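These notes are about the structure you will find just below.
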2 protein chains.
Amino acid sequence: MPRPGEAGAQARLAVSTVIFALSPDAGAAAPSLRIPLVRRLREPGAGRWALPGGWLPVDEGLDEAAGRTLNETTGLAPTYLEQLYTFGAPDRSPDERVVSVVYWALVHSDEVERAVSDENVCWFDEDDLPELAFDHLEILEYALWRLRTKLQYSRIAHALLGETFTMAELRGVHEAVLRTRLDPANFRRTMEASGTLVDTGQRLAGTPHRPPALYRFDTASARGGDPIHHPTRTRNAS
Amino acid sequence: MPRPGEAGAQARLAVSTVIFALSPDAGAAAPSLRIPLVRRLREPGAGRWALPGGWLPVDEGLDEAAGRTLNETTGLAPTYLEQLYTFGAPDRSPDERVVSVVYWALVHSDEVERAVSDENVCWFDEDDLPELAFDHLEILEYALWRLRTKLQYSRIAHALLGETFTMAELRGVHEAVLRTRLDPANFRRTMEASGTLVDTGQRLAGTPHRPPALYRFDTASARGGDPIHHPTRTRNAS
DNA sequence: GCAAAAGTGTTCGCAATACACCCATGG
DNA sequence: CCATGGGTGTATTGCGAACACTTTTGC
């Protein structure tokens, strides 16, 4: 780290979060990804939609800031939170130099129903996005890429569902995120082989057909393919 | 992005880089990874060794700042440069709040010989590191993890070699980084199948045995497994 | 010709795919 | 009993690991 002193002009540090959830009609049909955005009230970019975020307070950690602003704007607690990338091109904001540390998060679908949504905070479907401020579209697409990539080698889909779920629901998440059809038989085997699912023994009644088994995610075997290391992966609301 | 105004106390933004190169005796024996560090002259952490870096100038991009400080401290140009992670725990620096955007880089082994090395800039072997300042050991270990992980699904080992190289040299890089023995036969096939190698037609004479073929990296087919997107992956010195 | 590395061929086992087939429930 | 999704069994394929084998040089 360099020496202090010689203050000079400095870039401002912001923390933003790309939040993913499933469309509320999770049980029925094919669910789709939804992202909450906030309407910018001031210049630059007033009127446009932007990622939730804020300036970084001096005494707050990056993860905490991401989780806090997520909670403040949506009223939700993330079930998964991870740093995405830091964007800092000199011209990404017209007026002043802003460097944004961006996180991405997943929230439980059963929480989405009681999420904040008003004229200034609105949830948009993945392929029905409004015009975004600054470079936020680029950021969002990068977050989508990361979500899709990570879903294929890590077990994070459960973070978009509730406490328990059927195999078909879990498959539905993968299909929605990856935008593909998956073979039910092979998907089941792959998931069972991963060792991250626990059969609750319960079955979901009320379906017009054979009642499916309900599974729970095994947090103990939640082997992060990531570093051993590093910050909080999951946290609660403040 | 939040509104300007309400300045208040702000964290300071630094950019640091973890630089990897092979030990100069690349041809012979088993090469090892080396990392240049700079000695801190001032408090906090005076006397200890730290990653090369500096405060981020207001008008300079993150990638440019990483490449520049790399060049200033080592005299080298990176053949590979990528953002690693942003570290920002409130207590990682004792005096003031510092957020560090950290990059990692690979440099050609044939450039290492003319690298700067004096009493304040010194290259350390991967498993002979001195005591590091701040959280730089944690950062370095994370960078090592990323290098090892990425080597297995991306073709970046060539960035540690010169313009042309033998199959054995390329394998030596993988073995040094991954710290494993690799089967020469299977390694060859895997590399040839990747389509990133071009046989120059030349052969390396002077070996005590059958002269091996010299290969070149095919920059055209350098498919980044990464985003389509995003900043410069390779750049020259300023 | 002999040692040693370069380079080729062959086999094995695993895991993902494709797809045929039985099971259980509501209507 | 039938339509439909839940759930199981099985053949095929592609790829990486293991390893036997041939080739080419310096000495």
Side-chain angles (χ1 to χ4, degrees), chain A residues 25-31 148-149 151-155 157 161 164-176 178-216 223 225, chain B residues 25-31 148-149 151-155 157 161 164-176 178-216 223 225:
Chain A
D25 51 38
R148 294 206 166 98
T149 307
L151 190 68
Q152 299 180 56
Y153 68 89
S154 182
R155 310 304 175 199
L161 293 168
T164 62
F165 46 85
T166 69
M167 193 62 78
E169 285 171 343
L170 186 62
R171 179 166 47 85
V173 175
H174 280 252
E175 290 179 341
L178 301 177
R179 290 179 166 284
T180 2
R181 282 273 151 213
L182 297 173
D183 185 300
N186 296 328
F187 180 82
R188 164 181 300 275
R189 264 187 295 262
T190 305
M191 283 300 146
E192 284 173 343
S194 77
T196 54
L197 294 187
V198 180
D199 192 334
T200 63
Q202 299 177 323
R203 289 176 177 275
L204 181 64
T207 61
H209 308 298
R210 174 175 173 175
L214 281 173
Y215 294 89
R216 184 191 310 282
R223 306 278 319 117
Chain B
D25 50 37
R148 294 203 167 101
T149 308
L151 190 69
Q152 299 181 58
Y153 68 89
S154 183
R155 310 305 175 200
L161 294 168
T164 61
F165 45 86
T166 68
M167 193 61 79
E169 285 171 345
L170 186 61
R171 179 165 48 85
V173 176
H174 280 252
E175 290 179 340
L178 302 178
R179 293 180 165 282
T180 2
R181 281 274 152 213
L182 296 173
D183 185 300
N186 295 328
F187 181 82
R188 164 182 300 276
R189 265 187 295 262
T190 304
M191 283 300 146
E192 283 172 346
S194 77
T196 53
L197 295 186
V198 181
D199 192 333
T200 62
Q202 300 178 322
R203 290 178 176 274
L204 182 64
T207 61
H209 308 298
R210 176 174 173 175
L214 280 173
Y215 294 89
R216 183 190 312 281
R223 308 280 317 115

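Because only heavy atoms are used, hydrogens play no part in the values below, and waters and symmetry mates are left out as well, while side chains stay in. Computed from a predicted structure; not experimentally measured. To find a chain, count down the sequence lines: A is the first, B the second, and so on, and within it residues start at 1.
One atom, NE2 of A/His209, and another, P of C/dT25, lie 13 Å apart when rounded to the nearest Å. Spacing between atom CZ of B/Arg210 and atom P of D/dT23 amounts to 9 Å, rounded to whole angstrom units. Protein atom CD of B/Glu192 is 9 Å distant from nucleotide atom C1' of C/dG7, rounded to whole Å.
At least one donor-acceptor pair under 3.5 Å links the side chain of A/Arg203 to the backbone N or O of A/Pro211.
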Contacts under 3.5 Å, N or O only, protein and nucleotides 13-20 of chain D:
residue, atom, partner, partner atom, Å
D/dA18, N7, B/Asn186, ND2, 2.8
D/dA18, N6, B/Asn186, OD1, 3.2
D/dA18, N6, B/Arg189, NH2, 3.3

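Side-chain N/O atoms of A/Arg203 include none lying less than 4.0 angstrom from OP1 or OP2 on C/dC23.
Of the two residues near DNA chain D, A/Arg188 and A/Pro208, the one whose nearest nucleotide lies more 5' is A/Pro208.
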Check your understanding: Step by step, would you call B/Arg216 with B/Gln202 a side-chain contact (heavy atoms from CB on, under 4.5 Å)?
Key -> CA-CA 10 Å; B/Arg216 183 190 312 281; B/Gln202 300 178 322; 5.6 Å; no

Practice item. Please lay out, stage by stage, how A/Glu192 and A/Leu197 fare under the test side-chain contact (heavy atoms from CB on, under 4.5 Å). Key: CA-CA 6 Å; A/Glu192 284 173 343; A/Leu197 294 187; 5.6 Å; no

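Listed here is the closest heavy atom pair of B/Asp199 and B/Leu214: OD1-O, 3.5 Å.
As judged by a 4.0 angstrom heavy-atom cut-off over every strand, A/Thr207 is placed among residues touching the sugar-phosphate backbone only. B/Ala193 comes within contact range of no nucleotide atom at all, as no heavy-atom separation falls under 4.0 Å.
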